[in-house]
Structure formats: structure tokens, C-alpha cells
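Below you'll find the structure, written out as C-alpha cells, and then a few comments.
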Number of protein chains: 2
Amino acid sequence: MREPHHDTSSPKPAPKAVVGRLSLYLRQLESFGRQGRETVSSSQLGQALGLNDAQVRKDLAYFGQFGQPGLGYRIDDLVVEIRGILGVDRDWPTALIGLGNLGRALLGYKGFRLRRFRVVSLFDNDPRKQGHAFDGLPVRHTDELPAAVADEGLRLAMICVPADAAQRVADQVVSAGIRGILNFAPTSLFVPPEVSVVAVDLSVQLEHLAYSVHNLHGSGATDDVSAAG
Amino acid sequence: MREPHHDTSSPKPAPKAVVGRLSLYLRQLESFGRQGRETVSSSQLGQALGLNDAQVRKDLAYFGQFGQPGLGYRIDDLVVEIRGILGVDRDWPTALIGLGNLGRALLGYKGFRLRRFRVVSLFDNDPRKQGHAFDGLPVRHTDELPAAVADEGLRLAMICVPADAAQRVADQVVSAGIRGILNFAPTSLFVPPEVSVVAVDLSVQLEHLAYSVHNLHGSGATDDVSAAG
DNA sequence: TAGATTGTTAATCGATTAACAATC
DNA sequence: TAGATTGTTAATCGATTAACAATC
């Protein structure tokens, strides 16, 4: 550092646990907003989510100074800020790959639309599924992924195929230019570093629940795992 | 401690991150087993999951000494051990509450059956759903939860109702005697300490993906979040 | 035996919580 | 102003990684 008083170093990147909590803050703030509240303090926000007030302030401070000493945070403003940070202030055209039980269910899940994740393109390599349409969208072969990325501006993909097909599909998705994968298949995916993968593993979560009930019941520890529901 | 050479202190409880990885080890070991392999070293197991070898050994050591120096771990034996630790070596009779899109999908999801989570009882307080059956199971009112717990030995519940009904349903579930909740509703649940809650929040996970693609793309960081899919 | 690999201790790294001056 | 609350530094806590003697 050449000039000690001009801090040109980039700010610390936020740990991923912080990003997860940011989603929870957003949801709680939206709820407070619907109730007509205008401001909230870090301790009030923390209490609603079971978190420490210092943690709320520190998490938000990774991204900027959004509060006013003595007053707290203006709810509407903070909602706008967090939406921008998370990137949910715009549409995310998304491909859904694999139209088994889980894939078809996700297609109907309203929670995605609410956050502007738009499933605009369906893929399944089972010939019996091709030609069919779900929700008005035709089912295509994954060979058509590159064309769909170009035509529809796809940016994310949800992979809902069986485990033994998941890595192959992931490779296709990546080479088609998609940069974010939500993986519902029960297997680890290996992708290049410029691609992000979020794993949604229902079995892992159910097993965690079984473990807690089996081993911890009565021990007194509330075991609220991962991002609160 | 009165007798320094007789360590009567209880072993350290495993952090929940360890329990999550235990599920991943189990799945990978089962896969190795299907391939006909007999033993695996901590570094081989770690590599298949993108984890450090020391972490694999340390995680397993929370629960006992399962390996042999120079040889590694016997796959079949370790599978049996981990199943026992997680509690997935027995059936888990489970209630499914809320039969919207997501609830009906979960009912058909094969991954649960594979791990011996049996959905044996359905609940929904929408009068239009009552009398209907899904998968051969009748839909009942949540008022009947206590009777179902007694009759069917229910131990877990999956809550798939809208956010504004989730806490009310959780209270009913808890007072009916259920000790473990898988919460799919997008809201935090508050329960007594002897009840475990695992939150499955698809929006939080999708938002994390949006954040990574939006802010980190090209930065070189693989961002494999939570338990690998 | 020599080579491989464990279980465990020590070192490192990162995340959470406490404390408090600055500020509205 | 007095009371409340932030942003941030320091202290604590916990989790990961490195190192290595013990062991097969």
C-alpha cells in the first residue's frame, strides 16, 4: 500500500454464510414492510430470525452503511439494497432439466416466480417425454441447450435428472454457457471455477433431521439447520 | 476430573457440519460399494467429494475408530456404521402436511423412500382437499395429528403449507408429540428445544446462486454451497 | 521390513459475539 | 440534550488443515 490514508484495497468478500442470511433478512424485512413498519433495529431483525444483533449489523456492513445510529434501518431502502446485492432485482431466465416427479413439481412451485426466477425452457432426454409440453413449454433434448441459451438468454439451470446422468448434463450445461446450476441430483458435481453450483440435497437434510431426533432428542439443543425455512 | 487416567467425560458432540458430511460419505461409500470396491482411504473418499483427507478422518473420528492404519476403511463396515449413526438403519414414519404443488411432489419423490423415510399420513386443512386421497393415502385435518401419532407411530413431519400457516401447524405438530420437522415453508419456525427443525429453503438457495453468478462470475471461486447435491 | 494410512495433537484460519466510541 | 443504535475493533469461539507418531 503506497498511500496509507487512501484505502484502495478491495473490500473483504462476504462469506457464504452471510449471503444465506441476507436472504433471510430480505424476507423478514418484506414481511415487516407488509405490516406497515418503516424502520427496524438490528436487534429487532435478529430477534425475528433467532440471530444475534451484532451479527445482523456485521453482515450488512459487508455491503455498505445502510443504517442510521439511533434510528436503525429504513425498511424500504434496505429491501431495495439487499435485492440489488443478491441480484433478485431482475429476471433470471432458467432452464429446468429432467421432468420426473421433482422436476415437474419445481415447475409449479410459486416461490421461484416470486423471486423472479423464470423457468423458460424444459429439457429431458427421455424420448417418451419429448414432444410433450408442461405448463405450455415444450420438452427438448439437451443437445438444444446452446441454441436455447442464445435465443432465450438462459443464465441458470436446475438439474433434476437421476444421479448417474447429472455430471453429463452438467457438462452440457456448462459448455452451453450457463454460469449457475441448482443441483437436485444426489451426487457431487465438478464444474469449472467460473461456474457456481448450489446443491439442494433433500436426503442429506432428512438424514440430518433423523440424526438430531435419534441422537439429540431431549438434550435441549434446538437444531435449526441451514437457512431458516 | 478426579481420576486423570480414566476419561469419563462424554465425547465431544459432532458439529452439524460434520453430520451433513457424514451423509455425503455414506452416499459415496454406497456408490464405491456398488462398483465392487472393498476398501477406501480418507484421501480417496475426500477426493471424490472435494474434501480434505484430514477432514474425512477427523469427521469419522467423532464417532469411533473405523479405519485400519495402512489399509484405510472397509467400505461395507463403514456403511453400516454410518447408517447406524445417522439413524437411517430403521424406518421413519413421516407425516406430510400441505398438499399443494410442492407437497404432492415430495410425496412422489423416490429419494425419501430410499432412505427409509416413509410418508404414511397426509394432512391438509383445505376442505376441498379433504376426502381426496393421494398415493392411496387419505387427506385428513391436522386436528387428527395426535391420533395419527399414536396409531401410526409418526416421528417426523414435513411442513409444506404456506408461510402464514406454518407456525400454527408447527405448534400442532409439536403438541401431537412429533420431535422432528422438515420445514419447506418460507418462514422461520420457533419450537421447544427438544424438537429439531431442518429448514429447506429453495428461495434462499436460488438467491445464493443468483448472488454468486451476479457478483462472483469469473472470480475463480467455485461456490459449492451446502451439502453437495 | 518398507510403504501406506490411520487417529490425534498442534497450528491455522475463519466466523461469531462483545464492547464501545461515534452519531443521529 | 439524553437515549438509542449504528459501524467497527477486539475478544472469543469453533472449524479446518497440517503434521506426525502409532500401527497395520
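The sequence lines fix the lettering, A, B, ..., with proteins before strands; numbering per chain opens at 1.
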B:Y62 OH to C:dG7 C1', straight-line distance once rounded to whole Å: 13 Å
Return the value, rounded to whole Å, for the distance between atom CG of B:L60 and atom P of C:dT6. 9 Å
With the side chain defined as heavy atoms from C-beta on, B:S41 is closest, among C:dT5, C:dT16, D:dG7, to C:dT5
Between B:Q55 and B:D59, do the side chains contain an N or O donor and an N or O acceptor separated by less than 3.5 Å? no
Count the heavy atoms belonging to other residues, nucleotides or ligands that lie under 6.0 Å from CZ of A:R113, then report whether that count exceeds 12. yes
Mind calculating the distance between CG (A:L45) and P (D:dG7) to the nearest angstrom? 12 Å
May I ask you to say whether A:R83 pairs ionically with A:E30, meaning some side-chain N is under 4.0 Å from a carboxylate O? yes
Sorted by chain and number, sequence neighbours left out, side-chain contact (heavy atoms from CB on, under 4.5 Å) with A:T142 holds for A:I97, A:F123, A:N125, A:L145, A:Q172
Taking atom CG of A:L29 and atom CD1 of A:I82, what is their separation to the nearest 0.5 Å? 5.0 Å
The reported gap from OG1 in A:T187 to CG in B:L24 (rounded to nearest 0.5 angstrom) is 10.0 Å
With Watson-Crick and G-U wobble geometry limited to distances under 3.5 Å, how should the secondary structure of DNA chain C be encoded in dot-bracket form, using | for bases paired to another strand and [ ] for crossing pairs? ..||||||||||||||||||||||
Find the distance A:L78:CG to D:dT6:P and express it as a whole number of Å. 11 Å
Below the 4.0 Å mark, does C:dT5 have OP1 or OP2 next to a side-chain nitrogen or oxygen of B:R74? no
Just to confirm, is there a sub-4.0 Å distance from OP1 or OP2 of D:dA4 to any side-chain nitrogen or oxygen of A:Y73? no
I need a per-nucleotide contact map over nucleotides 17-24 of chain C, read 5' to 3'. Cutoff is protein heavy atoms under 4.0 Å; write B for the base, S for backbone only, - otherwise. BBB---BB
CZ of A:F66 versus C1' of D:dT8: gap in Å, rounded? 15 Å
Looking only at side-chain N and O atoms, does B:Q44 come under 4.0 Å of OP1 or OP2 in C:dT5? no
Phosphate OP1/OP2 of D:dT6: any A:S42 side-chain N/O under 4.0 Å: yes
Is it the case that the side chains of A:D201 and A:Q205 hold a donor-acceptor pair, with the cut-off being a distance below 3.5 Å and no angle test? no
More than 12 heavy atoms of other residues, nucleotides or ligands under 6.0 Å from CZ of B:R168: is that the case? no
Note, A:Q28 side chain near A:L45 side chain (heavy atom, < 4.5 Å): yes
